[in-house]
Each structure stands twice: as structure tokens, then as C-alpha cells.
> 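Could you have a look at this structure, given as C-alpha cells, before my questions?
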There are 4 protein chains.
Amino acid sequence: MTDENSHRPAGRPRDPRIEAAAFAAVRELLATEGYAAVTMTAVADRAGTTKAALYRRWPSLPHLVHEAAFPDELALDFHLGATLHEDLAQMVRGTRDALSTPIAAAALGGLLPEFTRHPEIHAAVLERFAGVFTVLDERLQQAAAAGQVRSDARAQDLLRLVIGAVLVELLLGPAADGPDVPDGADEDWADRLAATLERGIRT
Amino acid sequence: MTDENSHRPAGRPRDPRIEAAAFAAVRELLATEGYAAVTMTAVADRAGTTKAALYRRWPSLPHLVHEAAFPDELALDFHLGATLHEDLAQMVRGTRDALSTPIAAAALGGLLPEFTRHPEIHAAVLERFAGVFTVLDERLQQAAAAGQVRSDARAQDLLRLVIGAVLVELLLGPAADGPDVPDGADEDWADRLAATLERGIRT
Amino acid sequence: MTDENSHRPAGRPRDPRIEAAAFAAVRELLATEGYAAVTMTAVADRAGTTKAALYRRWPSLPHLVHEAAFPDELALDFHLGATLHEDLAQMVRGTRDALSTPIAAAALGGLLPEFTRHPEIHAAVLERFAGVFTVLDERLQQAAAAGQVRSDARAQDLLRLVIGAVLVELLLGPAADGPDVPDGADEDWADRLAATLERGIRT
Amino acid sequence: MTDENSHRPAGRPRDPRIEAAAFAAVRELLATEGYAAVTMTAVADRAGTTKAALYRRWPSLPHLVHEAAFPDELALDFHLGATLHEDLAQMVRGTRDALSTPIAAAALGGLLPEFTRHPEIHAAVLERFAGVFTVLDERLQQAAAAGQVRSDARAQDLLRLVIGAVLVELLLGPAADGPDVPDGADEDWADRLAATLERGIRT
DNA sequence: CACTAATCGAGACGGTACGTCGCGTCTTGTG
DNA sequence: CACAAGACGCGACGTACCGTCTCGATTAGTG
């Protein structure tokens, strides 16, 4: 009668507050204690629930951490149309900002070794950049059509260079212990990087 | 009489075979089972020794893994003097080869998140690239003197771009589970990357 | 509605087979290998469970050994009413038999030194003799009323003499390694001891 | 040349101060920290020497503890000849005093479980009472000759009763945690025990 | 209104690794 | 020889987390 096609399953419905509480708990632990302190027991305690309720929702700890730390797609608020340099710099700064929050940085570091065991998470993390890739790809084609960039410039390569540069600053940078934006990844750095990349691909 | 600051320490000397056996055990485990299987217990068992003997030598598992996976400096066999493009491509390929052996790749994934807790390891890993940095720095100064590259081109930035690009291929690349060089990091990729970088810094 | 102070505790109930298996493992180890072989690890292995399950039930090894070796009160099947000598001899033989089984003897040797650290075990072991003390106390009062024993004869003193005598035979006796009743603690010994004690307290 | 018949062994002679320092260290540890704290490492450290030097002198820790805690025979300063009751009371008090020093009590508790593994120590501990046994035996024979005690009174039985009574007070007594003489083993207790025993054996 | 079914909390379960400690032995260089 | 120093293999310690399980008690929809 009432269902469209997803007739609600029988039994007691899940308490929606548990999802929110779990995410909040994971983020607090990531930000204040680091990835090592994010255990199922700790999350359950801090969220005021139990491990069983968490395992009902996420198949393993990395899945939970991933959803908690990267809740939605990397939605960069692009205002394209300015110079190519500025568009690239926007992308660099957006990627940097998305990955260098204490929560994201801590989660990323902890999730890296789990990629081997959980390819879905690996894929899901990459998926965050799909939107950015699309935007970048279109921008490059437009610029290529305008004769601004070389026809062999690939969004894939460029995006990976940006992500790699941010990762290096994050994981290898001299101030990787700092809370937010690492010292090395300031506005000057973003500008230098964008300039280098722009020169690297322009005609 | 005897050399006083190189006098061997008192007591029974450490059995040098244990170091070697531990390194071998770590490398085997990394290559065949992945970082998650590299535990102190597993290493001690496979090396035919005990946890206590390992803790006597390394304060923690990451220290041991680091020494086992990156035993000595990244000694790139540079044959400089050719074109700047070729020199950069050499650096890209060398970095890729050094980091994408199964052992190094597996170790990197596990080691990166530990950098927060163990700054010494962080510093030690970076130290591997010190030689490369020096070579690259000199090459850039020479090229700048010859008017080939912009005066604001920095070896630091360039090297980080290369390392970042390799890391992304390794850790985030779609074929990161493969054995040796990831699919995406082939010779074409190295050439494209070197070309982009060269254009990015040249006058 | 339901009985409120006997409501079973929340959570998964403990597996009762683990208690039984642990007791059996302790007894086997005590009987075949001695107290030194009774370790948490060995008990867990032999009982087919884990150390954590044991620590959930008993705070320390001595607690577990105590419960395994002295499961219930020393229920001597007294048939009083015969001569005082015979009643004392019964008590001597009962105490001897209870303490000189291979399991009890092995446990006692290991448990005694722990009394300092674990007063609860100390008290619990003494509690085993509470029933004997009560019976003996009543018998002495009855005998005192009949003018058979001195009015200052104390069950406490007498019982301790008996326990002490048995302990000495067990722990210091020349055949303490034997399986069951030590050589020195035979029927003659019990009779001599009972006779000496009876003369010691009678009017 | 110089030897009589016990030619001194070749090589560097043992440092006699180590024995004394080791004994002192064991006694301090027994008195202040308990048997559990008496480890070879702790003794060596406190004695200013090394484990190897200790193992050269004693085959195992219990041997060392035994020699340190019970250095010489239980030499009771008997002044016999008074009444039999007083002589027995002397024996009771002497045994009590010898076993209830903090050092002896702690050592005895710790050594008991080792008797199984080290029968020599077991025998050696018993040997401490040999002198007392001899004295007691002669005294009983003399008393028997004077018609004071029953001819079937045995020094062996009597001594064991005394030792047992002291052990029970020590190990099972309600104040076994106290430092010196347990509360229950006061002069009244000794007198009561001696009186009971005397009545038990006299004609 | 019973019935069914999935949730909730609580916490025990087997398994595995942790990092430490003590044992008794050994291997050095120095008296 | 003894000595100090300290590494060695062995094995136990007590704790922690994993992911699973088994309870009784809720909390909905369904017959």
C-alpha cells in the first residue's frame, strides 16, 4: 500500500541518532587523540552505544572512519572562468583544505594501510575526487580549444600531481604535526604550485 | 692506549645475525603478507629469535620496518649532463623505482601513518632523499646559470612534486596492489611527468 | 513482578563449560606437573579457552587454583558419640585425607605463600574448616560438661594443632613427594596424635 | 709447595665480599618487599655485583634465599633442667622466634613451593631442626627414665607438633601479615601449647 | 491483541599482539 | 680463574582490540 518499492523492513527500525553520534565520536577521537585511539570500543563508548550497533552499520572500523572523516564528495565551490592560473590555484587550495583538516589528515594516515585489505574504501576515497576530476577535465578541454594548453595535457595527470603535492606536504612535510594547514602549504606554496603546473601544460 | 671513543661497549656483544635475520623476516613478510602481517611476534618467530631481542635493538615496530625496508640512502646512479628533460626523467624513474618495489611500497603504506607518532622515522625517511636533493639542487643552479630554468625554481618544490606523484601512484593508484611498478607509472608516465615539470620551470 | 534481586546480569551469560574446563585443567596440572606448571597460559591452553576468559572470572591465578583445588567445604562425615579418642582420631584422619590428596597437597604448597598477598584466599581456605571447628567445638563442650576435658580446652587450639601436624607431614615430611598419604601420616600416626591430644586436654 | 692437601684452585680467587653482600641484599629484599621481589637481578643490583657471580655460587635462586634466610642451624640456647613444662615452653618459644622473624617467614613462604623442584633445600631446611631434635630426644629419655613421661613419647612427633603449630600461626594465623610475632603466638599461646603437650606425654 | 522481526544495551567469546620481566646460560674484555 | 656487563632463548605476565556471539528488553509493523 504505502511503499513505493522500498517497503521498509520488518522489525524495530534503527535509531538514526546512532549514526550521527558515531560520526561525531570518530571525529572527536581523530582530532584529539589520533587514529590509534579510534577503536570500536572507544567509539561505541563515546557515542553512548555499543559495538554491535556499529557493526550492524559498518562492516569494519575503516569503513566507519572513512564515512565519518570524508562524509561527502569533495565539493569544491569552483568559480571558474577566471584565468587558468587562478582556476588551478583554486583546485590546489581546495584539495589542500579538504585534506589538511586535522580530522581528514588523521583519517587519511590511518586509512592508507587499510587500502590493501579493503579495496572498497580505497575506491571510495578516490571517488571523492571524481567531481574535481570532471570539472578539471572540462576546464582543460575548454582551455585546449582556446589554444591555451597543450592538447596532450591530461586532467588525470594534473590532478594526481596536485593530490601528490598535498599528500607530501601532509605526510612528509616538516610541520606535519601541526593542526591545520601545514606551514609549507601556505598561499605562496599554492601559487607557486599552480604557476608551475600552468606553465607545464600551456602551449 | 686504545682508541677511547670507539672502544666497544662492555658485555656480550649483540649477535649480528639477529639484525640480518630480522631484516630478512620483515622483508619477506612485507612482500608476501603485507604490512598488517608484520608484527613483532611474527618477525621474531620468522627470524628465529625473540621479541626481547628485537626490542633491544629497535624501540618500536616502525623503527624496525623502516630500517629493513629502506636500508640505505637512495643512491641514484645519476648520469647527468644530458638534457634537462632527461635528467628530470632520470630522477622521476629513480624515485619511482626506489619506492615501488613491493617491499618499499608495502612499508610506505604502513609507515606513513606512524610519522605522527615517531618523528625520528619521519626525518630518517626524508634523509633518504637528501642525496637526490643535493644533486637536483646543483643541476638546477647550473641550468639557471645557463638561462635554462627560472631563477625561482626550487629543488625542494620539484622533488616534492616528484615524490608526491610517485606516492599517489603507489598509494592511490588503481593498481596499487600489483607487484612492482604500478600500471600507471610506466615509462610514458615518467616522460610526461618530466616534460610537464621541465616546462613548468624553464624560462 | 519478577524477583528483582535475583535478576540475571545483562549481557551474554558466561559459558559454564569454561569454569568446569578450567578447574579440570588446574587439577590435571597440579596432579601431573606440580604447582609450578600451573600458569594462566597453561590452564587456558589445556582448558581450550583464553587467558582473557580466565581473568574475567578470577582476579589472579591463586584465586583460580584455590577454587579448583578446594571446591567445597571440608565436609567430614562425622559419626560422633563414640569415645573422645575416636572422635579426635576421626578429625585427624579427615583433615589428613582432605589435605593430602595429590591435588590439594600440590595446591597448598603453592598457595600458602600467596596468603600474604591475597588475604581473601587466606580467609577462604580457613573457611573450609569452619564446619569442622563447629563440630569440634560442640563435642568439646559436651565433653567438658561431662567432666571429661578441661574447661580451658579450646577447639581453636586443638584444630590448629591438627592442621599444623598435617601440614608438617605434607610440606616438610620426608615423603612429601609421594602420591597420596605421606608415609609418616599413617593410621598409627593418627592414633598417636589423637591420643596425645586427648591426654593433653582431658581432666 | 704451599698447599696442605687442598691446593687452592687456579685463577683469580672469589671475592669474599660478594657472599656477604648477596646475603644482605636478600634479607633486605625479603624484609621490605617480600619474596616476590627477590629476583636474581634485584639481588645482584642491590649487592653491587652481577647475576653471573651469584650463579657461580648458588645453583638457583632458592638456594641463595635459603642460605641467606637460614644461615646457620637453629641454635636454641636451651637452659634445660627446669621443669619439663618450662623446657617444652622454651622449645615452643624458640621455634616460634626462629620462624617468625620477617625474613624467615617471608623466605619460608616463598621456599615451600620450591621444595618439589629442589629436594636438597627441603632436606637442608629440615636439617635446621636436627639440633633441636637431639636435645629434645635426650630430654625425653631422661624424663622417661625419671618416670615423668610415657615411654612411647617420641621426640619426632612432639617436634613436628610444635613446628606445625608455629607454621599454622605463621601461615594461617589471622595476623600473618604482621611483621614479627603473630598476635596469636604470644606468651600465653606458648604456655598453653606447652602445657597441652606436656599433659599429652606425661605418665 | 497476539505475533513476528529487527533493533537496542550489555557483555562474554576465541584469537592475537602488545611490551615487560625473570630465569638461567652464554660470550665478550679486563683483572 | 673471577669479575662486570649485558645479550641470548624461553616463556609467562596482564591488557587491549578485533569481530562475533548470545542474552533479555524494546519497538515497531502485521495478521
Side-chain angles (χ1 to χ4, degrees), chain A residues 1-2 7-15 17-18 36-44 48-61, chain B residues 2 7-18 36-45 48-57 59-61, chain C residues 2 7-18 36-45 48-57 59-61, chain D residues 8-15 18 36-44 48-61:
Chain A
M1 307 288 183
T2 63
H7 61 78
R8 106 150 54 171
R12 173 174 176 173
R14 292 189 177 170
D15 186 340
R17 292 169 304 182
I18 290 184
V38 185
T39 67
M40 277 301 203
T41 305
V43 173
T49 181
T50 61
K51 284 196 299 173
L54 301 182
Y55 278 108
R56 225 170 274 126
R57 289 164 171 79
W58 298 279
S60 84
L61 181 60
Chain B
T2 65
H7 68 298
R8 86 152 66 186
R12 174 174 175 171
R14 292 189 176 166
D15 186 340
R17 290 169 305 181
I18 291 184
V38 185
T39 66
M40 279 298 202
T41 304
V43 172
D45 285 356
T49 181
T50 60
K51 283 189 293 176
L54 300 183
Y55 279 109
R56 226 171 273 128
R57 289 166 170 77
S60 82
L61 184 58
Chain C
T2 64
H7 67 299
R8 85 151 68 184
R12 175 174 174 172
R14 293 189 175 167
D15 186 340
R17 290 170 303 181
I18 291 184
V38 185
T39 66
M40 279 297 202
T41 302
V43 172
D45 286 356
T49 182
T50 59
K51 282 189 294 176
L54 301 183
Y55 280 108
R56 227 171 272 128
R57 290 166 170 77
S60 81
L61 184 59
Chain D
R8 99 154 57 173
R12 173 174 173 174
R14 291 189 177 170
D15 186 340
I18 289 183
V38 185
T39 67
M40 276 302 203
T41 305
V43 172
T49 180
T50 61
K51 283 196 300 173
L54 301 181
Y55 278 108
R56 223 169 276 125
R57 289 165 171 78
W58 299 278
S60 84
L61 182 60

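Throughout, a chain's letter reflects where its sequence line sits, starting with A, and its residues are numbered from 1.
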> How long is the span from the CG atom in D15(B) to the CZ atom in R57(B), to the nearest 0.5 Å?
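Rounded to the nearest 0.5 Å, the CG-CZ separation comes to 7.0 Å.
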> Counting just side-chain N and O atoms, does T49(D) come under 4.0 Å of either OP1 or OP2 of dA4(F)?
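T49(D) to dA4(F) OP1/OP2: side-chain N or O found under 4.0 Å.
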> What heavy-atom pair brings A37(B) and A42(B) nearest, and what distance separates the two atoms?
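Nearest heavy atoms, A37(B) then A42(B): O-CB, 3.6 Å.
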> What pairs of nitrogen or oxygen atoms, one from the protein and one from nucleotides 16-22 of chain F, lie under 3.5 Å apart?
from, atom 1, to, atom 2, distance (Å)
dC18(F), OP1, M40(A), N, 3.4
dC18(F), OP2, M40(A), N, 2.9
dG19(F), OP2, Y55(A), OH, 2.9
dG19(F), O5', Y55(A), OH, 3.4
dG19(F), N7, K51(A), NZ, 3.2
dG19(F), O6, K51(A), NZ, 2.8
dC21(F), O2, R12(C), NH1, 2.9

> Rounded off to whole Å, could you give me the CD1-to-P distance for the I18(C) and dG11(E) pair?
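I18(C) atom CD1 is separated from dG11(E) atom P by 17 Å.
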> What distance do Y55(B) atom OH and S60(B) atom OG have between them, rounded to the nearest 0.5 Å?
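Going from the OH atom of Y55(B) to the OG atom of S60(B) covers 8.0 Å.
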> Tell me: CG of L54(A) to P of dG11(E), nearest whole Å?
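Taking CG of L54(A) and P of dG11(E), I get 16 Å after rounding.
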> Excluding sequence neighbours, so at least two apart, what forms side-chain contact (heavy atoms from CB on, under 4.5 Å) with A52(A)?
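A52(A): side-chain contact (heavy atoms from CB on, under 4.5 Å) contacts with T50(A), R56(A).
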> May I ask you to say what R57(D) touches in the nucleic acid, namely base, sugar-phosphate or nothing, with a heavy-atom cut-off under 4.0 Å?
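R57(D): backbone/sugar contact only, no base atoms under 4.0 Å.
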> Within this structure, what is the CZ-to-P distance between R14(B) and dA5(F), rounded to whole angstrom?
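That distance rounds to 17 Å.
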> Which distance, rounded to the nearest 0.5 Å, do you find between the CG of L54(C) and the CD1 of I18(C)?
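CD1 of I18(C) is found 7.5 Å from CG of L54(C).
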> Taking CG from D15(B) and P from dG9(F), how many angstroms apart are they, rounded to a whole number?
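D15(B) atom CG is separated from dG9(F) atom P by 7 Å.
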> Let me confirm one number: the OG1-CG distance from T39(C) to D45(C), rounded to the nearest 0.5 Å.
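Reported to 0.5 Å precision, the distance equals 8.0 Å.
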